[in-house]
Number of protein chains: 2
Amino acid sequence: MSIPQPGKQVRGSKTGKPIMALLDLIGRTWALGIIWNLQQGAATFRELQQRCEQISPTLLNTRLKELKALHIIELKETGYQLTSQGQSLIEIIFPLGQWSIQWANELKEQSS
Amino acid sequence: MSIPQPGKQVRGSKTGKPIMALLDLIGRTWALGIIWNLQQGAATFRELQQRCEQISPTLLNTRLKELKALHIIELKETGYQLTSQGQSLIEIIFPLGQWSIQWANELKEQSS
DNA sequence: TATTGTGCTACAGATACTGTAGCATGCTCT
DNA sequence: AGAGCATGCTACAGTATCTGTAGCACAATA
């Protein structure tokens, strides 16, 4: 699967709109999970594998390459970590944690 | 693929944490794309197919079922539309549009 | 009755992901 | 030097997921 670069045709859109490249990227299995788990701080490859519970090393490496190529994460001496762009992305995504809790509660009510 | 319900084990996590169910859900191909395209207002099945450019009807229907089951979208007389929960979700996701534009610009600079 | 538009399904082929094993490299510690 | 251990990462077979084309069943309209 090719890396979804803004300006180019991506999976799901031929327009090259940045949002479509981003949606393609974070719509891939585990991409958001990896970013989410890097919130806790830098992690080595094997640490990340553990944080992500069930990810296969093959896929982890593929996603890491993509995220690196797009400057969302970078590999430093302490391990993989978010770049400043990655940081600003996660600040947007962060409220999802709170939202998901409310959502879970409402689903519980609606089903009872 | 089973529907990722908060409280249950999902793809990528055994803990049942709501955020993990949500990340599983929106990490599936096209899930975010569908939600994003419903911003513009309600759409019939075939309208949605067109907005999503290249989605297969099989997958579109699968995703719609999941999103319906989780009360993020609903089917009304005018077509599929976001529920109030879906609306609040998209308000969180909305800033991604702006972020992606900045990101695209920075990628352009960094590669030149 | 024929046409057009719905929502949706079947199914074969292509693509993406998992899980296990293990390689190559660089440490540290006898 | 040699043995252990941890690192990032790869190979590959098996499985799950997605695409693309065709078309069904139903309803409204002409």
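Convention: sequence-line order gives letters A, B, ...; per-chain numbering from 1. Because the structure is a prediction, the values reported are computed rather than measured.
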Between CG of B/L64 and P of C/dT9 the distance, given in whole Å, is 11 Å
Footprint string (nucleotides 12-22 of chain C, 5' to 3'): B base within contact, S backbone only, - free, heavy atoms under 4.0 Å:
----SSBBB--
Do the side-chain N or O atoms of A/K65 get closer than 4.0 angstrom to the phosphate oxygens (OP1, OP2) of D/dT10?
yes
When rounded to whole Å, the CD to P distance for the pair A/E77 and D/dT7 reads 16 Å
Roughly how far, to the nearest 0.5 Å, is CD1 of A/I93 from CH2 of B/W99?
8.0 Å
Are OP1 or OP2 of D/dC9 and a side-chain N or O of A/Y80 less than 4.0 angstrom apart?
yes
ILVMFWY cluster, B/L32 and A/I92 together (side-chain gap under 4.5 Å)
yes
Atom-pair distance (CZ on A/F45; P on C/dG26), nearest Å
18 Å
Linked, directly or transitively: A/I3 and A/L25 (ILVMFWY side chains, under 4.5 Å):
yes
Spacing of B/E66 atom CD relative to D/dT17 atom P, expressed in whole Å
10 Å
CD1 of A/I73 versus C1' of D/dG8: gap in Å, rounded?
13 Å
Looking at residues at least two apart in the chain, or sitting in another chain, which of them share a salt bridge (charged side-chain N to carboxylate O under 4.0 Å, His left out) with A/R46?
none
Can you hop from B/I35 to B/L75 via hydrophobic side chains spaced under 4.5 Å?
yes
In whole Å, I'd like the distance from the CG atom of B/L60 to the P atom of D/dC18.
13 Å
Interatomic distance where CD belongs to A/Q50 and C1' belongs to D/dA6 [whole Å]
12 Å
Enumerate the salt bridge (charged side-chain N to carboxylate O under 4.0 Å, His left out) contacts for residues 69-95 of chain B, please, sequence neighbours excluded, ordered by first and then second residue.
none
